[in-house]
Structure formats: C-alpha cells, structure tokens
Amino acid sequence: MSKNALSRRAILQRSAVAGGVLSLGPLLGGATESLAQSTGGTAATAGQATKDVYGRIGVRPLINARGTYTIISGSLMLPEVRDAIDAAARQYVHLDELADAVGKRLAEITRAEHGLVASGCHAALTHATTACVAGGNPDLHVRLPDLTGFQKTEVIIPAHSRNVYENAVSAVGVKVVEVSTPDELEQAIGPRTALVYIMAGPRVDESELPTDVVAGIAGPRGVPVLVDAAAEILTIPNVHLERGADLVAYSGGKAIRGPQSAGLLLGREDLVRAAWVSSAPHHGIGRGYKVGKEEAMGMLAAVEMWVRRDHDAEYERWESWLKSIARKVSAIGSVKTEVSQPDGLSNRTPSLKITWNEKKLGVSGQTVTDTLYEAEPRIALNASGGEDPSRTGVSITPYMLQPGEEKIIAGALVRILTDPPEPPPAPRPPSVDATGTWTLDIEYLAGSSSAHRLELTQDGAGITGTHTGEYVSRKATGSVSGKTVTVRSTLSESSGDALDFTFTGTLKGDSMSGDLNMGEYLKATWKAERGG
C-alpha cells in the first residue's frame, strides 16, 4: 500500500467521526422509510412492493452483482433520497439561491470550502475545467469551446490518468499535454496551463506523479489540480483536497447512492462558484448539463446520509452474503472460492471469485455469465479466469445487491454448475483464407463509413493484422471457423478514448459481410471487398 493510501477501517472511521460531529437531524419530516428498513427484509418483499414500471414496456430488470456500472444503471437511490426528490418536486425555488444554499450545506458536511451538484461526475469535470479556463467571466465562458484569444488553453494530464472520461475536460476546447515525470510536469507548466487533471486510483498513488507531488509542483505556479474520483467513496475530510488538490469530482449515483443523474464538485470556493456560473440554467457550454431542484436536493440528502450510514455494518453484510454464496457453491466438485478486498478508494467492496475446472463441469465462466443474464430472474455478474488455463469462473460484487438476492444468486449458480447448458459448438477447420487487404463499408445505427480497412494474415485458423479506422490504426486478431471469420481490434484508454470492434462475417471469394459488435456503441452491419 502506498504512503497515500488509507485502510478501509481508517476511511470508515473518518466518515463516522464526521457524522458524529455534525449530529444531523431527520432529512425530511415526512420520511417514511429509514435506511435500516431499506437494508432489511428480502428481495421478494421488496419486489412485491415495487410496481413493474419496466415490464409494462418490455424491459427486464436485473439483479446487479457486477457493481455500479452506468450501463446497468449504477446504484439504487436510498429511501431518504427518494423522499427528498419527491418533496423537492412539489414546490418552486430560484435555482441560483438553491445552488448557493446547497453549496454551503455541502461544505458544512464535507469540510470542503464549497460544493456544487452537477448532472453527473462528467458534468462536474466540464464545469471545473470551464472554471479554470474562464473563471466566472460570462464574456469568456459563452464563447467556449472556441478558445481564440484565451490565455488558458491547455490542460496537463499525467500518462497514468489518460482515460475515456477525459473528454469531459477536452470538450471545453483545451489542448491536452501529456507528462510522465515530475521534470516533464515542471517543463509543461506555462502561462497557458489551465489545470492538471488526475484520474484517482492506486496507479496514481504508486506512480512518480501522485497527487501530492503534482500539487506541490502545480500549486506554487498557480495551476489548479482537479481530481476525478467518480467511483470512490466520499472521505471526510477529503483525502484529495488534503493532498493538495483544488477540486475533486464524484459520481452521485455510485457508492454515495444519490440520483444516477447527479454528481458532486467539491473544493476551492472561488472555482466551485465559477463552475456554477458555467452550469445550467445559465447559458453557454454548460447549459445542457441541467440539474433540477429534485436532483440537487436528492444529492444533498445522499451526502447527509453518507455521514449517518453505518459503513462497517454495510461492509460486514456484503461479506456475509459472499460467504453464504461461497458456502453453497463449494459443495460442487472442483469449485474453489476466494474473497478479495479492494485496493484504493474506488468501488470499495469485497468481491467473490468462483472458479472451477471447465472440463470437469462442462461449462465456461462466460457461458454461465451469458446464461444467467438471459435467465429469469436476470442476474448480471462478471466472467472470470485465472493463471491456470484449465480453470474458468465468475466473480460477484455484492455492494449493489439487495437483501435476499445473494440466495437467488447462490441457487442459480448451483443449478447451472450441476446441470450446465449445452456448450457452444466447437470451431470447425477453416475452409477459407482471409489473407489480404479489405476495404469495408459499415452501416451504423445512424450513419455509415467507407473509411475502414482490414489488413489480415491468416495462419491456420488464426488471424493477425491491422484495423485502420477513421483516424487511427490498431492491432487486429481473430480466427476462422469454416467460412466464418471473426476479427477483433481494441483501442486502449491510453489514447484518451476506448474502442472495441468485433467483426463477425462470412467469407465468399473476395467478399465478406456480417455483423459488427462495438460494445457501448451498439451494433452495426458491414461488408468488405478484398483488393489492392
């Protein structure tokens, strides 16, 4: 553990002390369901009290054993948050007055200078960048992202913090400057530097440029440091601000269990207030990041509840659920289980890894994951593996589970491991050769492209090569089964973006066509011709 890391117990003690000092009263006089009530009972009784609002339009809810992924709707709001949203929806207020009052209350709770509720962590990062580029000057911020004539036009990002979410920063129009060492950081800082952006995590703490080192270099030069702590727990006093950061942003709909469409920006009062200037309902680049009075009060309620929740009890409950699942599946031959603890502050939850001998049980972890996701009830978990290629498995994250769901998961795993589905058909010997240069036409859900090319070499059933897209080339790998060709390419987050393309199609002569899976960017169809 690095010198900047905190133990789970120390983190939770800090939050508990904060709760005791503040001695918070009830959030709402009409609150009818407490946090204790929300974590009792069973999943079945909770389901009986819930209207099937999704089923009536053909959408199937799921049991979330993966974690706070946005694509599966993050976390569930606390009862107190729902009550605050409902109460806030029943009256009108002036949003500038509300933002000021909420900001002061957030400061009181978190011990930061000021706070702002944004429409998610992404929006908080954009507002923070705007604040550092334009301050609270409306003549400047209404011109963004056109930075012609601006003094502050660059953002420094250490190599360890390049990621898909930095678009929230670069969308303001700034130029990204990458650095890897303290010397490079010192050389990069200049009169055009608006801020340094850091994506929080263990790799930052263990690098040459942890937050305190970055702040020690940037601070004396008047350059603010912004930390993206989206998936982290909320530490009080804030660990990033204590290390010298000026601003820190959080997702509201993850560990804090506020509205999924909300986030937090905490830190220097002048910069947080300037961030509000660029936020809706004001015009300019931030107008689209609107926060209603309901989200503002719901997010505040979540933060107030954060310092009242019994975090140790929650953690013990998660561990007990994992032990219960492990106990039941361990009765199956060749099954092994292991509970691991988190590193860093993000997604602070234990996790359970379940592995087994794939040949003995006749089913892979990926097949189990896919089958349970399509089953009833629908269960979302992760496929998992290990160093031993003969073993396969799944992993379970408990902190978004509801009471009773651990029993449903255990039962489903026992059933599928003792009576597995038919395995997918084995690959057939290749009957075609995909070697060559292929020009592609892709039909997206909206729009099309004829700029993509595949340069492939086939050796037996294996494929290697290059996939060139609209602006960048990346390594391609794949395989051939009969006449079916599968090619995958990946662009990593180190570029500040991430793309994952899987082409699957049928080859006939010098033509191929089929489906394209792009993960978060959905699916498309494609056809290709082999040529020079």
Between S395 and L381, the two heavy atoms sitting closest are O-CB, 3.6 Å
Can you tell if the side chain of Y69 reaches within under 4.5 Å of the side chain of T397, non-hydrogen atoms only? no
Just say parallel, tilted or perpendicular for the rings of F503 and H467, cut-offs at 30° and 60°. perpendicular
Is the closest side-chain donor-acceptor distance between E242 and N238 under 3.5 Å? no
To the nearest 0.5 Å, tell me how far D310 CG sits from Y315 OH. 14.5 Å
Looking at Y373, I'd like to know if the NZ or CZ of R378 sits under 6.0 Å from its six-membered ring centre while staying within 45 degrees of the ring's axis. yes
Does W526 reach the main-chain N or O of G505 with its side chain, forming a donor-acceptor pair under 3.5 Å? no
Just checking K293: does its NZ atom have more than 12 heavy atoms from other residues, nucleotides or ligands closer to it than 6.0 angstrom? yes
Donor-acceptor under 3.5 Å (Q458 side chain, A434 main chain): yes
Do M518 and L499 have side chains that approach each other closer than 4.5 Å (heavy atoms only, starting at C-beta)? no
Measure the CG-CD1 distance between L234 and I256 for me, rounded to the nearest 0.5 Å. 5.0 Å
First locate atom NZ of K254, then atom CE of M400, and finally report the distance between them rounded to the nearest 0.5 Å. 9.5 Å
Side-chain donor/acceptor of T369 to backbone N/O of G365, under 3.5 Å: yes
Let me confirm one number: the CD1-CE distance from I109 to M305, rounded to the nearest 0.5 Å. 11.5 Å
Scan residues 388-422 for pairs that pass ring-ring contact (aromatic ring centres under 6.0 Å, His included), counting only residues two or more places apart or in two chains. W318-Y399
Decide if atom CG of L445 counts as having more than 12 heavy atoms of other residues, nucleotides or ligands within a radius under 6.0 Å. no
Ignoring hydrogens and angles, tell me if any N or O in the side chain of S75 forms a donor-acceptor pair with the backbone of A255 under 3.5 Å. no
Testing the basics here: between E166 and S161, what is the closest heavy-atom pair and its distance to 0.1 Å? OE1-O, 4.3 Å
Side chain to side chain contact (heavy atoms under 4.5 Å, CB included), that's the test. Do T502 and R488 meet it? Break it down for me. CA-CA 4 Å; T502 300; R488 181 181 180 185; 3.7 Å; yes
Taking side chain as C-beta onward, heavy atoms only, is V414 less than 4.5 Å from V329? yes
Which atoms form the tightest heavy-atom contact between R60 and A375, and what is the distance? NH1-O, 2.7 Å
Can any side-chain N or O of S330 pair as donor or acceptor with the backbone N or O of A326 at less than 3.5 Å? yes
For the residue pair Y289 and H127, categorise the inter-ring angle as parallel (less than 30°), tilted (30 to 60°) or perpendicular (more than 60°). perpendicular
Criterion side chain to side chain contact (heavy atoms under 4.5 Å, CB included) on L401 and I63, from CA distance to verdict: CA-CA 7 Å; L401 293 179; I63 293 174; 3.8 Å; yes
To the nearest 0.5 Å, what is the distance between OG1 on T367 and CD on E358? 7.5 Å
Could you walk me through whether E405 and I379 pass the side chain to side chain contact (heavy atoms under 4.5 Å, CB included) check? CA-CA 9 Å; E405 290 179 341; I379 301 173; over 6 Å; no
State, to 0.1 Å, how close R111 and P237 come at their nearest heavy-atom pair, and which atoms those are. NH1-CD, 3.6 Å
Report the residues that fulfil side chain to side chain donor-acceptor pair (under 3.5 Å) with D459, sequence neighbours left out, ordered by chain and then residue number. none
Is there side-chain contact between I354 and I396, with heavy atoms separated by less than 4.5 Å? yes
No-hydrogen, no-angle side-chain donor-acceptor test under 3.5 Å, S351 and S340: yes
What pair of heavy atoms forms the shortest contact from V485 to I463, and how long is it? CG1-CD1, 3.7 Å
Identified side chain to side chain contact (heavy atoms under 4.5 Å, CB included) partner of K523 from the options N517, L516, D515: N517
If you round to the nearest 0.5 Å, how far is CG of L413 from CG of L372? 6.0 Å
Please assess W356 against V368 for the test side chain to side chain contact (heavy atoms under 4.5 Å, CB included), listing each intermediate value before the final yes or no. CA-CA 12 Å; W356 58 87; V368 168; 3.8 Å; yes
Is R203 reaching over with its side chain to a backbone N or O of H160, donor-acceptor style, under 3.5 angstrom? yes
So R105 and E108, salt bridge (charged side-chain N to carboxylate O under 4.0 Å, His left out) or not? Walk me through it. CA-CA 5 Å; R105 179 65 177 136; E108 178 186 357; 2.9 Å; yes
Just wondering, do W321 and I409 contact through their side chains at under 4.5 Å, heavy atoms? no
For the side chain of D500 and the backbone of T490, is there at least one donor-acceptor N/O pair under 3.5 Å apart? no
Less than 4.5 Å apart, any side-chain heavy atom of R257 and any of R309? yes
Counting only heavy atoms not in E422 (residues, nucleotides, ligands), do more than 12 fall under 6.0 Å from its CD? no
Check whether any side-chain heavy atom of S334 lies under 4.5 Å from a side-chain heavy atom of L361, and answer yes or no. yes
Between H311 (side chain) and W306 (backbone), is there a donor-acceptor pair under 3.5 Å? yes
Restricting to non-hydrogen atoms, name the atom on C121 and the atom on D228 that form the minimum distance, rounded to 0.1 Å. SG-OD1, 3.5 Å
Taking only Lys NZ, Arg NE, NH1 and NH2, and the carboxylate oxygens of Asp or Glu, determine whether E304 and R308 approach each other closer than 4.0 Å. no
Kindly indicate whether the side chain of T70, heavy atoms from C-beta on, has any atom under 4.5 Å from the side chain of Q260. yes
Cut-off 3.5 Å, side chains only: do T484 and S481 have a donor facing an acceptor? no
Can a salt bridge be assigned to the pair D86 and R90 using a cut-off of 4.0 Å between side-chain N and carboxylate O? yes
